[in-house]
Q: 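The structure under discussion is supplied below as structure tokens; questions concerning it will follow.
Remember, it's a predicted structure, so these values are computed and weren't measured experimentally.
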Amino acid sequence: MAQRTDPCERLLGDAVRTGVVPGAAWAAGDARTTLSAGAVGLLDPADPTRPTRPDTLFDVASLTKVLAVWAVTGTLVDAGKLDPAAPLGSYWPEAAGRPLAGVTAHHLLTHTAGLPLRANLRHLYGSDPQDVRDGVLSEPLRHRPGEAVAYTDRAALVLGYLLEHLTRQPLPRLAGDRVWTPLGMTDTRYGPLPAALRGRCAPTEYDEESGIRLRGTVHDFSARLLGGACGISGVFTTTADTGRFLRHLLDPVPGTFSAGWTAASLRVRTGRLEPPRGLFWHPAPGTGPADDVWAHFGFTGTGLWVSPARGRWAVLLTNRLYLTRDPGPLARVRDAFRALVFP
């Protein structure tokens with residue numbers, strides 16, 4: 001646990017007391033070690049006897065896009081099995097002859113492919129996973145690839161499908177074999193979590209359709225529709241495991257994605273388009289590209305940051321959805337947290 005004088009603990013403790021989040025866990029450090037870490041608040045407000053702990057498992061929502069999809073993509077690019085500049089239709093039969101044919105992996109990674117902004121998978125395609133896949137890959141584009149930057153979950157979903165096509169392996173296995181196991185991320189996995197781990201998991205939102213508060217089951221409905229594991233969401237992890245991942249970006253461990261992939265990703269790859277983006281990563285709110293603080297966030301209340309120039313990383317995991325869908329209060333806490341870690 002952090003010392004009582006740790007400013008991160010004071011900030012996040014205040015966020016708990018003011019009802020921004022029920023609990024939070026964080027870690028921050030450099031290429032060698034963790035410099036600040038701890039947890040505050042309750043695991044579940046319905047049980048005041050159980051605090052959030054540093055080993056609490058969180059549904060990290062869109063951090064899945066980085067921890068799984070971006071990282072696995074890097075291993076395939078490093079191995080020469082994926083050319084980010086090649087049109088998908090030139091090597092992926094499912095994309096040939098469809099609107100995605102002229103899109104590249106680079107367009108997907110920079111959110112410039114022109115894909116629809118919202119998933120709406122069940123509404124548009126039904127509940128059969130193959131029908132969803134066919135529908136997503138056939139959907140018309142909003143604009144020509146490369147014309148505009150617009151964040152969409154579909155970019156990671158399509159990339160996940162592509163990775164599975166290229167390897168003939170499911171995304172959870174790819175992420176485990178190619179990234180999480182080499183980095184020693186033993187607590188990181190796609191859900192649904194087994195019963196033995198659900199007790200360590202921070203619950204998220206009450207789900208009216210199932211009549212339960214989600215715990216160990218991914219909150220994102222698109223991911224649940226696809227069995228709990230896809231490029232959009234589905235990963236559960238801890239601050240310690242995420243710290244191992246982020247340290248790798250500063251001091252690479254052999255056997256997974258390379259320093260070259262990280263360097264190519266943590267720079268603006270969208271030219272003069274706004275907002276600027278790297279490959280899935282983006283400049284942290286309140287900073288510009290020259291500040292070299294890169295971030296990615298998740299809807300459940302999660303965030304990660306890394307700065308090669310400063311040699312620092314940070315992760316903040318919360319289950320703010322337990323209390324509210326309003327992102328504003330936590331966004332302000334996140335910005336303050338980032339300012340503490342990357343002064």
Q: Got a salt bridge between D326 and R320, using NZ or NE/NH1/NH2 to carboxylate O under 4.0 Å?
A: no
Q: Are W294 and F342 close enough that their ring centres sit under 6.0 Å apart?
A: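 Here the rings of F342 and W294 have centres that are no less than 6.0 Å from each other.
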Q: For this output row, return yes or no: ring centroids of F337 and W305 closer than 6.0 angstrom.
A: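 Yes; W305 has its ring centre under 6.0 Å from that of F337.
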Q: Please find the pair of heavy atoms, one from P182 and one from G176, that lie closest to each other, and give the distance.
A: CD-O, 3.9 Å
Q: Between F257 and F245, how do the two ring planes meet: parallel, tilted or perpendicular, split at 30° and 60°?
A: tilted
Q: Quick one: side-chain hydrogen bond (donor to acceptor under 3.5 Å, both in side chains) pairs with a partner in residues 259-287, sequence neighbours left out?
A: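 Pairs touching residues 259-287 that pass the test: W70-S265.
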Q: Does D335 pair with R332 as a salt bridge, N-O distance under 4.0 Å?
A: no
Q: Side chains of T188 and D241: is there a donor and an acceptor less than 3.5 Å apart?
A: yes
Q: Taking the six-membered ring of F236, is the NZ or CZ of R189 close enough (under 6.0 Å from the centre) and on axis enough (within 45°)?
A: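 No, R189 does not lie over the aromatic ring of F236.
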Q: Are side-chain N/O atoms of D59 and T204 paired as donor and acceptor at under 3.5 Å?
A: no
Q: Out of curiosity, L316 CG to L12 CG, how far, rounded to the nearest 0.5 Å?
A: 5.5 Å
Q: So does D30 pair up with R310, basic N to acidic O under 4.0 Å?
A: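 So D30 does not pair with R310 through a salt bridge.
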Q: Is a salt bridge present between R173 and D177, judged by a nitrogen-to-oxygen distance below 4.0 Å?
A: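 Yes, this pair counts.
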Q: Please lay out, stage by stage, how Y91 and L166 fare under the test side chain to side chain contact (heavy atoms under 4.5 Å, CB included).
A: CA-CA 9 Å; Y91 62 94; L166 292 174; 4.2 Å; yes
Q: Identify the two heavy atoms, one from V16 and one from P22, that lie closest to each other, and give their separation to 0.1 Å.
A: CG1-O, 3.9 Å
Q: Under a plain distance cut-off of 3.5 Å, with no hydrogens placed, do D207 and S210 share a side-chain donor-acceptor pair?
A: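 Looking only at side-chain atoms, D207 and S210 do form a donor-acceptor pair, the distance falling under 3.5 Å.
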Q: Is it true that the side chains of S307 and W313 contain a donor and an acceptor less than 3.5 Å apart?
A: no
Q: Quick one: which of L121, L115, L100 gives a side-chain contact (heavy atoms from CB on, under 4.5 Å) with V136?
A: L121
Q: Are V69 and L225 linked, directly or through other ILVMFWY residues, by side chains that come within less than 4.5 angstrom of each other?
A: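 Yes, one cluster joins them.
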Q: With sequence neighbours excluded, give me every side-chain hydrogen bond (donor to acceptor under 3.5 Å, both in side chains) pair touching residues 132-146.
A: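 Residue pairs passing side-chain hydrogen bond (donor to acceptor under 3.5 Å, both in side chains), neighbours aside: E94-R133, R98-S138, Y125-E139, Q130-D134, R144-E147.
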